[in-house]
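This report refers to the structure that appears directly beneath it.
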Amino acid sequence: MNQADSNALSNDIYADAIARLDTAQEHAHIDPEALEKLKHPKAILTVSIPVRMDDGSLRVFKGFRVRHDDTRGPTKGGIRFHTGVSLPEVQALAFWMACKCAVVNIPFGGAKGGVIVNPKDLSRMELERLSRGFIEQVADFIGPERDIPAPDVYTNPMIMGWMMDEYSKIRRERTPDVITGKPIPLGGSLGRDDATGRGAYYCVKELEKLKSWNPSDIRVAVQGFGNAGQHVARLLQADRYKIVAISDSRGGIFRDGGIDIPRAIERKRERRTVSEVYSASSVCDCPECGCIECRCATEDQSTGELITNEQLLELDIDILIPAALENQITAENADRIRAKFMVEVANGPTTSDADENLWSRGALVVPDILANAGGVTVSYFEWAQNRAGFYWTEDEVHERLERIMSRAFAEVYQLTTEQSIPMRTAAYAIALNRIGDAIRSLGTSSYFSESKTSVLEA
Ligand code: GLU
């Protein structure tokens with residue numbers, strides 16, 4: 001893709017995200033004023049972060065923080081470090097966060113942040129300086145009751161720890177509740193590390209109840225083998241689902257007999273070169289056997305096959321789990337997607353024209369704003385634990401997460417069946433109702449234009 005195409009795609013991404021509101025509002029009771037308010041981000045901050053590099057030179061990185069809407073609570077959302085970060089992308093991601101928090105009914109609005117950088121090119125100390133430098137620039141924009149960051153693509157607990165520490169230094173008091181996804185000894189929550197994957201796993205379990213299938217008959221492909229992709233694959237395989245393909249940014253592997261996920265995770269983690277933060281290995285390192293490691297422990301010794309990320313999407317499987325980046329399933333390849341179920345672990349993997357195609361061909365898509373909401377839900381638990389100074393067991397976290405995910409899934413699915421609409425439209429309609437009700441509680445024109453003079457008469 002050339003630079004012009006990639007700029008056009010990134011500008012479209014926010015417009016495409018917002019356009020989904022117009023479809024969903026037909027199924028919601030949102031006031032037109034509230035709908036209009038939701039189409040505009042509340043605040044946008046662009047920052048330049050000067051970083052002293054290890055060789056003595058200075059590099060200036062560009063970053064963003066966007067707060068989309070805070071009517072339902074402080075804004076919430078991750079920070080990503082990626083070369084593809086752009087303002088329209090961060091705006092779309094902030095908007096999705098607002099909708100996501102409303103779908104699972106946790107008391108947060110939506111935000112997102114990003115820095116244009118390839119973190120794999122930085123040393124550990126450069127990465128720490130960049131993380132602290134970003135917080136220095138956004139310190140007045142965030143806060144435990146204002147805007148609470150978290151990890152996202154290529155950021156992790158250690159980076160959250162540095163960021164929390166920097167914010168606490170600026171405020172001159174310990175402030176664990178300013179950021180979530182922290183290491184456990186710094187106030188992180190048990191169960192936050194696998195929460196996004198686990199939330200998606202609970203969605204698959206809900207589908208399983210509805211469709212009464214036998215997990216061992218179900219073939220799954222996972223695009224993206226980062227934190228969320230690894231955990232959803234691990235949990236599904238432990239439950240007898242057959243994971244036949246996985247991929248990462250360097251490519252993928254397909255193995256008809258199923259891939260040994262714990263070994264694939266171990267293999268990916270084992271080959272670190274840059275820092276503790278990033279692994280240089282890739283899931284497609286060793287095609288000789290499906291478990292990614294030559295000493296295959298599974299009964300079926302058939303070899304794996306190297307595939308591209310595009311090929312993975314088009315495999316003949318039952319469940320497709322896009323867990324990488326945005327815009328993977330588009331008008332261009334939607335026709336070739338054969339999976340009957342899709343569970344979106346990535347944010348925004350499907351464009352709206354691809355959505356129409358999939359729906360018309362009978363595929364059921366569990367949308368990102370529901371399927372990947374497990375991460376922010378446990379972030380909410382972490383924030384609540386930090387504020388209470390009282391910590392929960394891992395079982396308590398899992399139980400509460402499962403309760404929230406299955407209730408949200410049931411609400412979305414009910415609207416889908418009642419109104420014969422895609423689960424995405426239903427999820428947005430529920431989000432619009434919840435955010436719209438909060439906006440309306442502060443008064444809209446139907447209230448203010450009434451002739452009554454006293455507020456007390458209302
Ligand atoms: N980055 C994650 C997401 O996109 C988590 C956000 C959070 O925990 O605030 O949902």
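Since the model is a prediction, treat every value here as computed from it, not as a measurement. Atoms within each ligand, like the ligands themselves, are counted from 1 in listed order.
For the residue pair E136/Y167, the side-chain donor-acceptor check at 3.5 Å is not satisfied. Residues Y391 and N386 bring a donor and an acceptor atom of their side chains to less than 3.5 Å of each other. Side-chain contact check for S352 and D16: at least one donor-acceptor pair (N or O, by modelled atom type) lies under 3.5 Å. For N309 and R250, the side-chain atoms include no donor-acceptor pair closer than 3.5 Å.
Salt-bridge annotation for K242 and D318: absent, with no side-chain N of the basic residue lying under 4.0 Å from a carboxylate O of the acidic one. With respect to D193 and R234, no salt bridge is recorded, no charged nitrogen being found less than 4.0 Å from a carboxylate O. A salt bridge links D239 with K205: the closest approach of a Lys/Arg side-chain nitrogen to an acidic carboxylate oxygen falls below 4.0 angstrom.
Note on ligand 1: P149 sits outside its first shell, no heavy atom being nearer than 4.0 Å. A heavy-atom separation below 4.0 Å is found between R192 and ligand 1. In this structure, G181 does not count as a contact residue of ligand 1, since none of its heavy atoms falls inside 4.0 Å of the ligand. Ligand 1 has M97 within reach: a non-hydrogen atom of the residue lies less than 4.0 Å from it.
The residue V378 has no part lying near ligand 1, judged by heavy-atom distances below 4.0 Å. Contacts between M160 and ligand 1, counted as non-hydrogen atom pairs separated by less than 4.0 Å, are absent for every part of the residue. When non-hydrogen atoms are compared, ligand 1 lies under 4.0 Å from neither the backbone nor the side chain of A373.
Residue contact check: G77 has heavy atoms under 4.0 Å from atoms 9 (O) of ligand 1. Every atom of ligand 1 with a heavy atom of P151 under 4.0 Å away is listed here by number and element: 1 (N), 2 (C), 5 (C). Every atom of ligand 1 is numbered from 1 in the order shown, and the set under 4.0 Å from a heavy atom of D152 is 1 (N), 2 (C), 4 (O).
Between Y154 and H82, the ring-plane angle classifies as parallel under the 30° and 60° cut-offs. Using cut-offs of 30° and 60° for the angle between ring planes, the Y428 and F95 rings count as parallel.
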Could you go step by step and tell me if E314 and R338 meet the salt bridge (Lys or Arg N to Asp or Glu O under 4.0 Å) rule?
-> CA-CA 6 Å; E314 299 168 17; R338 287 187 275 175; over 6 Å; no
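Considering backbone and side-chain atoms together, A150 places no N or O closer than 3.5 Å to any N or O of ligand 1. At least one N or O atom of S379 sits closer than 3.5 Å to an N or O atom of ligand 1.
For atom 10 (O) of ligand 1, the closest non-hydrogen atom on the protein side is K100 NZ, 2.6 Å. Taking atom 4 (O) of ligand 1 as the reference point, the nearest protein heavy-atom neighbour is K112 NZ, 2.9 Å. Scanning the protein for heavy atoms near atom 9 (O) of ligand 1, the closest one is K76 NZ, 2.8 Å.
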